[in-house]
Amino acid sequence: MNSLYELDSKWKRLLTKDNLLGGLTVNEFVEQLGKDHTLRVPSKGLLSNINKDNKSTEVNTWDPKPFIRTFESILKELGRLQQENENNKSNLSNDVLNQELDHSYTIKNLQSQLEQVTNQYVSLDSKLTHVTKGVKPLGDKLENSIRQKKQYTKSVELIKIYNEFLETGEDSPVLTSLIQSPHFNNQLNGAAIMKSLIVLSKKIETQSIPKTVDTTQRIESMAEAMETSWLDQFNLAYRDNDFTKLNEIAIILNKFNGGVNVISNFINQHEFFIESTQVDNENETKDFQFDQNLLKPDHHYVIYDDKVMIPLLNEITTVIENESQIVMQVFDKKSVHVLQLFIQRVFVQKLEPKINNILLNSLNWSNLLYVRNLHSLHSLIDQFIKDLSTFFQKESNDHTNDNIISTLEQCSSDLFSNYLYDRSRYFDLEKQNLESILIENTRGLNIANSKEINARLLANKLNKVIESGEDISDFLSNNENNKNNNINNNTNGNGNNGKGRTKGNSMGLKFIKDGKTNSKLTQYKDIIKKRLDFDFPTPGGSSDNNTANTTQSNIPAPDDSHKLFVMENVDSMLKCVVEAVARVMELIPNKANEYTLELLEVMFIGIVGSYIDSGLEIAYSKLSKFETNDSELDLTLLKYVSSTTEMLNYISISVKSVFLPLLNNSPKYKKTITEMTNINIKRCEMAINIIMAKLITIITNRFVNSLSKQTRKDFIPKTQELIDQDTLPATEIVNLLNIIYSQSSQSLKIKNLNNFLIKIGSILYDLLLTHYSKFSVNSMGGIIVTKDIIGYLNVIEVWNIPSLLDKFSTLRELANLYTVKPDLLESLTVEGHLTDVDNNIINAYIANRQDFASESFITAVKNNIKQYT
């Protein structure tokens, strides 16, 4: 406890510089100090409290003096510490200033000394340079002298060894001991000596001194035996996987003669080449199922030989990767060269004969098998090269393996160069293959209808139309399938809704009069004829009749030949074209544009010229059977028209979306293909228009023929019974209309069907409009006319064509002119459909009323229809 005038020792310990407050905060220190002065000091107060017993009690109060004295002592002690710290701070500041001043003097002195040292260094460097200039020639002379001494020593040693050969006629013991030494350095030295000895012996050798010739032969014999021994050791070390020994021998032989023979020995004696030095027998390795798959024209994806080529390439990859590790360890700086030779040997001995054998046997089967095998092999080898290139890139972070990768690429290029860059060995076969496929797909149709096709009635008609400039109604002008068929030459191949179409006549004329195109078409037709003659000989021919009959039995009768003219066939042919173009793009990219154009020429000649044109020829030929009215009308020929529009649309889309984008970098070829496409499509459209025009003419003639059977008595019956009978023309025409609609609706698409029916209906309407204006009609006859027209109208309603319904409704209202009372004629002509009919026609119909000239008729209408009299 604190005394009244002296601070307790425990608080003094907390008021020192080294232990100020003892780790307590100011608040904690004050709180602890206050708790230490809670002692009560007794003292009697001035007042006393009176309790219930009237007794006084004393009150204890706090004495603040010790507490105040303690804090005064604390403040005094803190003041002392503050003064002491300020004194120390002042002393330390003075010491720092003194030290800084001393440091400045030291730096100044050291700078002076550094300048002296630097000057001394420059002086010494100058002297050393002067000395070096004087010593360097001496050093060079000394080095040359040492070198000359070594050369002299080697020369003396070499001459001494040569002299041993010359004098004794036997091998030098010194050289033999070096070569046979178990130490690598001795053998390396022996190889160097032997190399120099061979050079020396050849320089000394002269025919005037026969002994020198024998010595040279002896030295060469020993050198050969020495190299053979090392090569044997190399082979033994390779079998034992002694890579240290292999590396030493490779270095020794590289020193001796550049390692030519050891490298050749390493490659030639490799078990990979020893095991199979010839191509396997084809009958043992050939995968017949693989070839059968390649022979299917509808297999358009690349397939690979997983029984012969893929295992072989996997084996080669493993061997090269494994041997590269060995070569890197053994041949050191020569490793890249050794690997290049090894890879070249693999291609020459293992791959080239195998690929040649596969392609040769493929060609004996078919061009299709050949080109597909060539593509498949090229793709496999390309992937094989990529895999190995990736491996060698991972093996080295620098460019040391770039030469190996270049060798791989060059070997791959050389492997196929004889095939791909010789047109006769690839592209001509590719083209012939495509021609064969197209012939195969079109021959059924052409054979079944050879008579109609060879007559070329439609082609001749088209030529006459084009030469005469005759205008043909455009049946396809609004065709939903063909409105975008033509391709704009000024675009990248996208359709332009007809804006880029060339005038029909000029385009067709260009196609037909194009000598080059006609020449190609003639050549193609000759090819087809030869192929068909070969496959389907005449009955008197010498070919195997059984084969011919079997094949012919698969060809449908001519009446069912439209089943051969289908979209699926064109789709199949187009896929074959795409496959051929894809092969060309991948195998010969530098000539792809030129060859693609040739393939598309074959496509148009085959698909359009030999298939679509044939279908249209068949359709046109069938029309001739209906030119006489006694033959039943058969509109299945419209299936050829409908199928043609779909085919042309498909061809156009294929050209725009598949072929033209491939030629974006070649505007010349792109323009040529665009023009060729437009010409072929426009020509077919004109042919369709000719067919439809002829068909409409035939139908019109049948309408006319039926109407010609109408007698004047038909519309002036004398008995009521005749009213219930249909006239013969109406019956025939209604039956004809039903046949036309039922058959055409099964063949033509919606818009083409509507165009066709509108044309037929409009022609019939015009014929009937004129027809009924020629006959006198009584009141009962007017009912017959109305009944006939209602028969027509009922058929037209099924067609659901508003414009035709309006026309035949007008015709029906015209028939009412025969049946209404005379006083109602005026009101009838100013309402309904008759408001749009010419007055001359109305007058003609009214004039045909049998009662027209009667007094009663004149009396009834004389005030209302003066304009008709």
[Y] and [X] side chains, donor-acceptor separation under 3.5 Å:
| X | Y | result |
| --- | --- | --- |
| Gln99 | Asp95 | no |
| Glu586 | His378 | no |
| Asn109 | Gln113 | no |

Does the gap between the ring centers of Tyr426 and Tyr419 come in under 6.0 Å?
no
Donor-acceptor contact below 3.5 Å, side chain [X] vs main chain [Y]:
| X | Y | value |
| --- | --- | --- |
| Ser126 | Val122 | no |
| Thr390 | Lys386 | yes |
| Asn119 | Glu115 | yes |
| Ser112 | Lys108 | no |
| Gln340 | Thr407 | no |

Would you say that [X] contacts [Y] through its side chain, given a criterion of any heavy-atom pair below 4.5 Å between the two side chains?
| X | Y | answer |
| --- | --- | --- |
| Val581 | Val658 | no |
| Leu408 | Phe392 | yes |
| Leu388 | Ile405 | no |

Go through Leu339 and Met328 one step at a time and tell me if the side chain to side chain contact (heavy atoms under 4.5 Å, CB included) criterion holds.
CA-CA 9 Å; Leu339 281 174; Met328 294 293 182; 3.8 Å; yes
Checking side chain to side chain contact (heavy atoms under 4.5 Å, CB included) for the pair Ile355/Ile381: CA distance, chi angles, key distance, verdict?
CA-CA 10 Å; Ile355 289 175; Ile381 297 299; 4.2 Å; yes
Quick check for you: to the nearest 0.5 Å, what is the distance between [X] atom [atom1] and [Y] atom [atom2]?
| X | Y | atom1 | atom2 | answer |
| --- | --- | --- | --- | --- |
| Thr596 | Ile588 | OG1 | CD1 | 10.0 Å |
| Gln344 | Gln349 | CD | CD | 13.5 Å |
| Ile310 | Leu380 | CD1 | CG | 5.5 Å |
| Ser324 | Ile404 | OG | CD1 | 7.5 Å |

Can you label the angle between the Phe347 ring and the Phe384 ring as parallel, tilted or perpendicular, going by 30° and 60°?
tilted
With side chain to side chain contact (heavy atoms under 4.5 Å, CB included) as the criterion, how do Ser90 and Asn94 come out once you've worked through the C-alpha distance, each side chain's angles and the decisive distance to 0.1 Å?
CA-CA 6 Å; Ser90 176; Asn94 292 332; 4.1 Å; yes
Side chain to side chain contact (heavy atoms under 4.5 Å, CB included) for Tyr304 and Met309? Distances and angles first, verdict last.
CA-CA 8 Å; Tyr304 304 102; Met309 283 305 300; over 6 Å; no
